[in-house]
Amino acid sequence: MGLNWGIFFEDAPFGGVKYYQWLLDGFANTALLFVSSWTMAFIVGSLVGILRTLPNRCLRALGTAYVEIFRNIPLLVQFFIWYAVIPELLPRSAGIWVKRIDPPVQSFLFSLVCLGFFTGGRIAEQVRSGIEALSKGQRKAGLALGMTMAQTYRHILMPNAYRIIMPPLTSESLNLIKNTAVASTIGLIDLTFQAYRLLDFSANSYESFIAITLAYVFLCLITLSIMRWIERRIRVAPTAPGRSRA
Amino acid sequence: MSHPVGHRAPGTCAAQPCMEGKTVKRLIALFLICCAALSLSPAGAGEITDTLARIKQDGQVIVGHRESSVPFSYYDANQNVVGYSQEYSSLIVEALKKELNLPDLKVKYVPITSQNRIPLLQNGTYDFECGSTTNNLERQKQVAFSNTLFIIGTRILVHKDSGIKDFPDLRGKVLAVTSGTTSERLAFKMKDETKLDMEIISLTDHGDSFRAVESGRADAFFIDDALLAGERARARTPADFEIVGTPQSYEAYGAMLRKDDPKFKAFVDKVIADIQKSGKALGLFKKWFQNPIPPRGMNMNFDLPEAMKDLFANPNDKAFQ
């Protein structure tokens, strides 16, 4: 079918750049969105995951409600709720202020919030299962030693739970990379958006989609190796005989 | 009928000039499939070079129409094909009856889409169509176009109290465009060339772009004026919006005919010229663009563009690009 890879070095119809720079811009936005929404999701997920394992019934219910809301609504719908519905529910002046934020920044912020909360709900479940996988004795031992509940989580439960959940957390991170593509529907100029634009303006559909496929795979592989590295670094002696770093 | 699709249909035409390569590739693929299908069927239509003779011989004319190209050619609540372009179709059929002296001429309607309209015309599935097909030089390599039925211009839709009257007023404003359209390209070009310092947001479809203006996210929406009128007509408060600005480009919709059939083209051209010169066309325009139309009685409230005044005075088949 005769692929024309030279297309990436041709001038784009506007902006005074070449097509490959469109893809680089898109890649930068995708990567930035991934890193920032991962950070947010990790914090939200840890907090909500902890909520779900606390002795207090009300707090547990709160955590459960959060998880069920965010994982039972399709991601695409959540994007539109954040982008189109929430600004209209705010007080009028606040809504107008939000909608007048510089458009590229605005779609980035909405994507960040949406992906952060969505992925947070999923990470919360992993954190909960990580904590619940620990023997009950660990919590009791911490409290018996005179630690507060917060200290028990901070020094005993969380360090162990995070170690346990590294593999599912890795695959959730890869999911998040792929989910960033939905942000193109609210106008974020990410890799997917640029691929469609390239398709519209140059009609080189095979080349542009092959290029972004490789870019997504590249981003996933980098993430995978970083997560594997962290996993090895934090592994404790009993689970890795002979490779203790302590 | 599905409304959202309705207004988008003409947009696919507007989008095409900038996607010619893609469209052509697709059309070639379709064409080859049709050729293959034809070669298998012994009753294949083959090459038709004299449509008038064929219609006379069969006692039947086959007319292509669109299903949701509002208000050009679409279904009303009773599944009848109606619209501004459809009126031309009916008038052409009436003229055929007289010309061929066939008062009992049978008329068969074939629904077509923007993807299959060219191959189906070429293989003889239908004889002509009046819908919302842009006449451009690229397409003239494959088909012929009659005198122009309608001319769209690319303009902007704004809030009435926005103070925006023309493109220079967009300085420092946010302009919404639909990605993949000719207007998107024009908008970015305008930004590059005029240093207007405006923000452009590209959204996935016309409905999204319109909502950007409606919700206050963008100050203006830039696309074909007929589409803007359609989006406005569907708004909650149509009166809040107006269509302004000097058209930045034009496209001509024509009836599509088979290539290399000068007799039929001359006939259709004459019918259309008569409709336009006699003032009948103005009546059609008023009926479909300035009055409530089926199926829900919405009103496009669309003023007759200058370019169309000229067209009605001097019917022609000029393509703009």
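Numbers restart at 1 for each chain; the letters A, B, ... are given by sequence-line order, proteins then strands.
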Requested in this report: Can you tell which part of A:F193 gets under 4.5 Å to a heavy atom of chain B, answering side chain, backbone, both or neither?
Outcome: side chain

Query raised in the report: Hey, which residues of residues 105-113 of chain A are touching chain B, say heavy atoms under 4.5 Å apart?
Result: A:Q106, A:F110

Query raised in the report: Do any of residues 37-54 of chain A come closer than 4.5 Å to chain B, heavy atom to heavy atom, and if so which ones, in number order?
Result: none

Query raised in the report: So does A:R228 have more than 12 non-hydrogen atoms from other groups sitting under 6.0 Å from CZ?
Result: no

Query raised in the report: Counting only heavy atoms not in A:Y196, do more than 12 sit closer than 6.0 Å to its OH atom?
Result: no

Query raised in the report: Parallel, tilted or perpendicular for A:W82 and A:F117, by the 30°/60° rule?
Result: parallel

Query raised in the report: Between A:F9 and A:Y20, how do the two ring planes meet: parallel, tilted or perpendicular, split at 30° and 60°?
Result: tilted

Query raised in the report: Checking B:A218 against chain A: side chain, backbone, both or neither under 4.5 Å from a heavy atom?
Result: backbone

Query raised in the report: Non-hydrogen atoms of chain A under 4.5 Å away: do they reach the side chain of B:S215, the backbone, both or neither?
Result: both

Do the charged groups of [X] and [Y] touch, with an N to O distance under 4.0 Å?
| X | Y | result |
| --- | --- | --- |
| B:K165 | B:E242 | yes |
| A:K99 | A:E88 | yes |
| B:E138 | B:K141 | yes |
| B:E214 | B:R211 | no |

Verify, without hydrogens or angle tests, whether [X] (side chain) and [Y] (backbone) share a donor-acceptor contact under 3.5 angstrom.
| X | Y | value |
| --- | --- | --- |
| B:D224 | B:A226 | no |
| B:D166 | B:P168 | no |
| B:Q122 | B:Q142 | yes |

Query raised in the report: Top residue by heavy-atom pair count (under 4.5 Å) with chain A, among B:E193, B:E184, B:K189?
Result: B:E184

Report task. Using the six-membered ring of B:F221, assess whether NZ or CZ of B:R232 lies under 6.0 Å from its centre and within 45 degrees of the ring axis. Result -> no

Query raised in the report: If you tally heavy-atom pairs under 4.5 Å against chain B, which of A:D102, A:T185, A:I96 wins?
Result: A:D102

